Protein chains: 2
Amino acid sequence: MKRPGRKAATDRSFVVALSRGLDVLRAFRPNDGLLGNQEIAARTNLPKPTVSRLTYTLTKLGYLTPVPRFEKYQLAPSAMSLGYAALANLGVRHLSESYRDEVMRETGGAVAVGGRDRLSMIYFGQSRSGLTIGVQLDVGSRIPIATTAMGRAYIWALPDDERASLLRELREHYGSRWPRMRDGIERSGETVARHGFAISAGEWQDDVAAVGVALKLNDGTGPYAFNCGAPAFRFTEDRLRSDIGPRLVAMVRSIEAALGTVAPQSKKEENKKIKAGGKVARMVERIK
Amino acid sequence: MKRPGRKAATDRSFVVALSRGLDVLRAFRPNDGLLGNQEIAARTNLPKPTVSRLTYTLTKLGYLTPVPRFEKYQLAPSAMSLGYAALANLGVRHLSESYRDEVMRETGGAVAVGGRDRLSMIYFGQSRSGLTIGVQLDVGSRIPIATTAMGRAYIWALPDDERASLLRELREHYGSRWPRMRDGIERSGETVARHGFAISAGEWQDDVAAVGVALKLNDGTGPYAFNCGAPAFRFTEDRLRSDIGPRLVAMVRSIEAALGTVAPQSKKEENKKIKAGGKVARMVERIK
DNA sequence: GAATTTAGTTTCGCACTGCGGAATTAACAA
DNA sequence: TTGTTAATTCCGCAGTGCGAAACTAAATTC
């Protein structure tokens with residue numbers, strides 16, 4: 001008999017213990033700092049002894065710190081270092097910095113790049129001036145995909161099939177709130193098609209207005225997306241359309257040019273890509 | 001027969017698969033961005049099929065992205081979000097920000113807080129002005145424990161037994177280079193005892209000079225450490241001793257006061273702590 | 001100060017996972 | 001073609017990782 005609570009028994013390459021351990025780490029969300037085994041068990045739906053073993057392992061490895069005073073655990077610095085290795089390797093982050101700074105200075109808005117994690121976009125980097133008060137987002141911050149300019153730009157940069165499955169996930173997640181969100185997403189689909197940027201004015205936080213533009217890479221990763229936002233009184237919807245949006249589009253196009261993302265650079269590369277087709281297809285299929 | 005490559009078979013609570021999966025993630029270091037299964041296998045000393053399964057699992061979970069173009073993997077945004085949750089929960093980071101800023105302005109040096117991961121210190125947060133060129137360290141950056149001011153301050157804030165075992169690890173790690181490092185560490189032990197700060201002038205990077213001061217918490221986590229550094233021509237050894245060092249010590253004492261780290265706050269807490277003794281001891285013992 | 005509640009740990013037998021040596025497939029290079 | 005290098009698939013089985021239930025230990029209630 002199959003034990004309860006397992007993933008599909010058929011997938012012999014999926015390492016359940018690893019998945020569960022990472023779920024335990026993810027149970028720690030910003031601002032609830034300390035968690036006991038009990039709470040972790042509740043959040044992850046894992047039985048207590050299993051959680052006990054996983055926290056024990058994670059502690060030994062240095063990803064969790066016990067806080068004896070409260071008999072709870074806290075994420076440790078090691079957990080951080082995982083993430084920041086990721087950051088350092090995201091070329092877009094570094095390469096786009098000067099472009100972001102420039103647009104920030106020109107527009108007075110905060111400019112950021114991010115990528116997707118589940119149903120959120122995560123900030124890789126951002127340019128803020130002392131002026132851009134209000135929005136206090138840092139590297140690593142999450143914003144929802146469905147209601148933000150960055151997220152919507154991302155959605156419309158996805159290949160059709162991936163977009164479809166993302167939208168399905170969003171629908172499930174949001175339940176009754178979905179129709180309103182879908183409308184916003186569809187509207188931005190139009191602005192993306194027509195002008196290259198998505199808009200969200202007051203749809204995420206009612207005093208924040210922003211535009212978003214996606215960046216596609218040709219290495220199979222991404223897409224990523226940029227935004228430029230400010231308090232609503234500073235970025236009127238008109239200004240977003242006529243000034244900020246086009247500017248951000250221009251910025252991203254420049255970055256694309258700098259990255260040479262348009263097409264494989266050489267005959268050889270082109271060749272490689274075609275030949276790799278079979279293998280890649282299998283790879284993607286399996287991951288799907 | 002025991003299979004090769006396993007941890008001590010006796011520890012029934014240690015989840016090997018989780019440990020290995022995290023090792024795979026850690027195999028990605030800043031600036032070598034893409035790794036294939038082969039390279040991961042080499043770095044982690046795991047057999048190829050095992051790596052295959054782990055990368056498959058991590059990819060499915062969204063921690064790795066396949067880069068089909070090169071048939072390799074890259075750390076994905078999800079990996080980052082783990083680390084960020086850690087950051088957001090480190091009260092010291094946020095609470096110390098204004099203090100750090102002030103010292104940065106007063107001294108012209110970059111001021112940072114960090115904690116330990118293995119044999120490195122990791123930056124949680126830092127204050128840099130436009131003036132502090134040269135040192136380009138970001139949140140998440142690693143610097144060695146043995147040769148930096150931050151690391152040395154940390155070492156001398158550890159309880160004796162933990163310090164001893166850390167020093168042992170360092171000795172093993174550095175081999176023939178150890179004696180020189182030990183000298184530096186010992187020297188800073190004296191300055192810490194006498195003045196409260198550690199110095200590293202040109203011992204990490206020969207054009208960087210810094211002081212470090214540790215912060216002990218009474219919740220059982222940490223310790224953490226602060227540094228204040230600048231190009232060597234700006235911070236002469238004399239100035240470190242007479243000006244920067246004392247200033248950083250004063251800063252950390254203020255932060256400690258603000259955190260109320262000196263003793264348990266209430267009779268009830270005190271009580272709790274004592275009663276918890278037995279359980280805590282067991283916990284620590286097991287983790288040791 | 002006994003009874004209850006709440007949180008975490010230990011036990012233990014065994015089902016099934018995760019393992020890894022060896023074979024296989026695939027993409028290139030010569 | 002043949003050789004080389006890298007990744008995946010096979011597959012039998014050792015032993016890991018599992019989780020229900022029992023247990024311990026604090027904190028709380030009455």
Side-chain angles (χ1 to χ4, degrees), chain A residues 1-21 34-42 44-57 59 66 68-73 268-269 271-283 285-287, chain B residues 1-21 34-42 44-57 59 66 68-73 268-269 271-283 285-287:
Chain A
M1 219 249 277
K2 194 161 79 82
R3 287 187 223 171
R6 293 289 168 90
K7 287 258 171 169
T10 55
D11 192 347
R12 302 254 294 129
S13 336
F14 190 84
V15 179
V16 179
L18 172 55
S19 170
R20 291 176 163 188
L34 303 175
L35 289 180
N37 282 342
Q38 176 85 339
E39 288 150 288
I40 297 173
T44 55
N45 293 314
L46 295 172
K48 285 193 299 172
T50 299
V51 171
S52 229
R53 257 174 285 136
L54 294 174
T55 52
Y56 170 67
T57 305
T59 305
R69 178 86 165 277
F70 302 109
E71 298 255 12
K72 306 211 163 177
Y73 298 95
K268 191 179 162 195
E269 282 296 314
N271 207 6
K272 179 171 184 173
K273 194 178 172 187
I274 291 166
K275 282 193 179 171
K279 198 164 184 182
V280 167
R282 257 192 300 111
M283 191 174 200
E285 173 57 25
R286 209 179 63 165
I287 283 152
Chain B
M1 220 251 279
K2 193 160 81 78
R3 287 188 224 171
R6 292 290 169 90
K7 288 258 173 172
T10 55
D11 191 346
R12 302 256 291 128
S13 336
F14 189 84
V15 179
V16 179
L18 172 54
S19 170
R20 291 175 163 189
L34 304 174
L35 288 181
N37 282 342
Q38 176 82 341
E39 287 148 289
I40 296 172
T44 55
N45 291 314
L46 294 172
K48 286 192 299 173
T50 299
V51 171
S52 229
R53 258 173 286 137
L54 294 173
T55 51
Y56 170 68
T57 305
T59 304
R69 179 88 164 275
F70 303 110
E71 298 254 12
K72 305 210 162 176
Y73 297 96
K268 191 179 163 196
E269 284 294 315
N271 210 6
K272 179 170 183 173
K273 194 178 171 186
I274 291 166
K275 283 193 178 170
K279 199 163 183 183
V280 168
R282 257 192 300 112
M283 193 176 198
E285 173 58 26
R286 208 180 63 164
I287 284 153

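Predicted model, so just to flag it, every value in this text is computed and none were measured. Numbered from 1 within each chain, the chains take letters A, B, ... in sequence-line order.
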B:I40 side, atom CD1; B:T50 side, atom OG1 - distance, nearest 0.5 Å: 12.5 Å
Of all the nucleotides listed ([options]), which has the minimum atom distance to the side chain of [X]?
{"X": "A:N37", "options": "D:dT8, C:dG8, D:dG19", "value": "C:dG8"}
{"X": "B:R20", "options": "C:dT9, C:dC19, D:dA7", "value": "C:dC19"}
{"X": "B:V15", "options": "D:dT8, D:dG19, D:dG17", "value": "D:dG17"}
{"X": "A:A17", "options": "C:dA7, D:dC18, C:dC19", "value": "D:dC18"}

Show the distances under 3.5 angstrom between N or O atoms of the protein and N or O atoms of nucleotides 10-12 of chain D.
| from | atom 1 | to | atom 2 | distance (Å) |
| --- | --- | --- | --- | --- |
| D:dG12 | O6 | A:R12 | NH2 | 2.9 |

Residue closer to the 5' end of DNA chain C, B:P47 versus A:K48 (nearest nucleotide): A:K48
5' precedence on DNA chain C between A:Q38 and A:L18 (nearest-nucleotide basis): A:Q38
I need the [atom1]-[atom2] distance between [X] and [N], as an integer number of Å.
{"X": "B:F14", "N": "D:dT16", "atom1": "CZ", "atom2": "P", "answer": "12 Å"}
{"X": "A:K72", "N": "C:dA7", "atom1": "NZ", "atom2": "C1'", "answer": "10 Å"}
{"X": "B:E39", "N": "D:dA7", "atom1": "CD", "atom2": "C1'", "answer": "12 Å"}

Residues in side-chain hydrogen bond (donor to acceptor under 3.5 Å, both in side chains) contact with A:T57, at least two apart in sequence or another chain: none
Beyond-backbone contact of B:Y56 with A:V15, side-chain heavy atoms, under 4.5 angstrom: no
Side-chain heavy atoms of B:L54 within contact of B:L46, under 4.5 Å: yes
Contact under 4.0 Å: B:S52 side-chain N or O vs D:dT8 OP1/OP2: yes
All side chain to side chain contact (heavy atoms under 4.5 Å, CB included) counterparts of B:E39, not counting sequence neighbours: B:L35, B:K72
